[in-house]
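All values below were derived from every heavy atom in this structure, side-chain atoms included, with hydrogens, water molecules and symmetry-related copies excluded. Keep in mind it's a predicted model, so treat the numbers as computed, not measured. Chain letters run A, B, ... following the sequence lines, proteins first, then strands; residues in each count from 1.
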There are 2 protein chains.
Amino acid sequence: MQSRPRIPEATVARLAVYLRVLSGLADGGRGTVSSGELASAAGVNPAGLRKDLSHLGPCGTRGVGYEVATLRDRIAGVLGMETAHACVLVGLGNLGSALAGYGGFGSRGFEFVGLFDASPARVGQEVGGRVVRPMEELDEVVTATRATIGVIATPAEVAQGVCDRLTSAGVRSILNFAPVALTAPAGVDVRQVDLSVELQVLAFLDKQRGPATTVLAPAGGMA
Amino acid sequence: MQSRPRIPEATVARLAVYLRVLSGLADGGRGTVSSGELASAAGVNPAGLRKDLSHLGPCGTRGVGYEVATLRDRIAGVLGMETAHACVLVGLGNLGSALAGYGGFGSRGFEFVGLFDASPARVGQEVGGRVVRPMEELDEVVTATRATIGVIATPAEVAQGVCDRLTSAGVRSILNFAPVALTAPAGVDVRQVDLSVELQVLAFLDKQRGPATTVLAPAGGMA
DNA sequence: AACCGCTTGTGAACGCAGGAACAAAGTCCC
DNA sequence: GGGACTTTGTTCCTGCGTTCACAAGCGGTT
């Protein structure tokens with residue numbers, strides 16, 4: 001049976017959300033939760049949540065619900081959070097600095113073991129409790145720390161070059177914030193996060209919903 | 001109205017990517033592009049790109065390709081970028097400051113007309129060329145500027161309260177970076193961006209792909 | 001000990017997105 | 001002027017994700 005033959009990627013993303021909610025409930029001393037309540041807190045459909053959870057085997061008690069601590073540990077195990085993940089971050093402009101100082105990563109088992117920037121002005125500065133290192137040390141740090149995840153927060157022009165250096169150093173997973181499509185060798189997984197795309201989708205939905213949907217506007221014909 | 005009954009949301013997100021690539025090509029003086037080249041630059045399948053573009057009517061020349069400037073303007077029009085969009089940003093911690101200073105928004109027609117923070121220590125400071133204002137002025141600024149988009153970059157605990165204030169002030173679209181599921185009244189569109197979720201998906205894929213997939217294996221040539 | 005309500009887990013149908021193959025059309029060359 | 005090549009636009013199909021609805025199981029109660 002191998003309780004994890006394959007889990008859909010969309011489900012994995014939601015599991016991470018459930019995990020966050022469960023952690024909050026556990027901190028609040030909550031013992032059990034129902035799928036309805038958990039789904040409401042996560043912003044998804046209750047049936048979908050149960051289906052997501054079914055991918056990791058039966059982990060609830062019928063008539064009662066899910067044991068918060070148990071389910072949390074189970075999800076954490078499936079997501080590979082038993083062991084901490086070493087990450088390197090390249091590019092410490094505004095966005096990179098924000099990522100380096102973002103507490104949401106460290107509390108989830110992701111640790112930045114190296115911060116890198118090509119600009120001599122940034123090298124040596126301290127960001128988020130770590131010292132920024134020059135690009136020349138990237139390969140060495142990745143090898144020494146066995147970092148598997150690389151985060152790119154550089155300008156678009158140099159992102160591909162950084163990607164190449166990361167992959168050749170041994171990084172197998174890349175999270176790219178630069179607005180370019182990266183090409184990486186097979187076996188390396190790249191995830192793209194484009195902040196401005198999200199805004200543009202919002203703008204489109206707003207336009208589509210009503211070119212003149214003022215809440216007032218009783219009279220026909222806008223100007 | 002007839003030419004745009006509805007465009008799938010996934011297509012809209014990709015249109016934003018095509019638009020970025022086309023802008024770069026236009027700046028380079030490029031006259032026409034084929035779907036293959038454009039798809040390669042955007043990181044998608046050529047057939048899928050043509051299907052996406054088909055939603056906005058025929059806009060290419062068979063045997064030649066797409067006229068860069070024309071297609072760019074067409075997409076920009078569909079995405080509602082003819083007119084600039086006024087946005088307000090709440091929460092100027094590390095992430096909020098990065099967003100306020102991110103050039104990728106302004107160059108795409110999104111302007112932050114108001115930066116807000118609850119902390120008196122941040123009010124009055126200048127971030128990204130704008131002065132941070134107290135939360136009390138939020139309603140007034142939204143009304144005066146007719147801002148339609150609100151960006152939340154606050155801690156999770158206060159995000160729902162900020163969402164309520166934004167919606168009651170008249171904001172119809174919300175981009176939420178806080179790691180909580182927001183509930184908003186009908187007619188208000190909320191998009192969630194969770195940075196740590198992306199990392200966790202990467203960690204899972206890495207774990208699933210192979211607990212010990214070393215890339216080296218120099219001995220024994222691969223045929 | 002048996003009944004009843006509540007909740008999980010699963011099976012099936014619907015809709016959507018993605019990919020591949022084919023026809024239409026326009027241009028370049030001879 | 002005609003043929004052939006190139007490239008778009010469309011259509012079909014396969015697979016996935018999502019949702020609804022029902023059966024199975026456990027706890028509490030009388």
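- For the pair Y66(B) and P8(A), both in contact range of DNA chain D, the more 5′-proximal nearest nucleotide belongs to Y66(B).
- In this structure, Q192(B) contributes its side chain and A181(B) its backbone to no donor-acceptor pair below 3.5 Å.
- Smallest separation of non-hydrogen atoms from V78(B) and F204(A): O-CD1, 3.3 Å.
- Annotation: side chain of T61(B) is not in contact with side chain of E67(B) (no heavy-atom distance under 4.5 Å).
- Put simply, chain B comes within 4.0 Å of DNA chain C, heavy atom to any atom, from dA17(C) to dT27(C), going 5' to 3'.
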| task | Could you walk me through whether E9(A) and R14(A) pass the salt bridge (Lys or Arg N to Asp or Glu O under 4.0 Å) test, one step at a time? | result | CA-CA 9 Å; E9(A) 199 168 304; R14(A) 282 189 296 265; over 6 Å; no
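- In this structure, the side chain of S40(B) does not engage the main chain of G36(B) through any donor-acceptor pair within 3.5 Å.
- Inter-residue side-chain proximity for S97(A) and N94(B) is flagged as unmet; no heavy-atom pair is nearer than 4.5 Å.
- Taking atom CG of residue L56(B) and atom P of nucleotide dG9(D), one finds them 9 Å apart after rounding to whole Å.
- What separates CD of E9(B) from C1' of dT18(D) is a distance of 15 Å, to the nearest Å.
- No side-chain donor-acceptor contact under 3.5 Å links H55(B) to the backbone of V12(B).
- Listed pair S35(B) / dT7(D) fails the phosphate criterion, with no side-chain N or O lying under 4.0 Å from OP1 or OP2.
- You'll find that the side chain of A10(A) is closest to dT18(D), out of dT8(D), dT18(D), dG9(D).
- Across the protein-nucleic acid pair, E67(B) atom CD and dT7(D) atom C1' stand 15 Å apart, rounded to whole Å.
- Under 4.0 Å is where a charged nitrogen must lie from a carboxylate oxygen, and between R30(B) and E37(B) at least one such pair does.
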| request: Take nucleotides 19-30 of chain D nucleotide by nucleotide from the 5' end and write B, S or -, depending on whether a protein heavy atom sits under 4.0 Å from the base, only from the sugar-phosphate, or from neither. | output: BBB--BBSS---
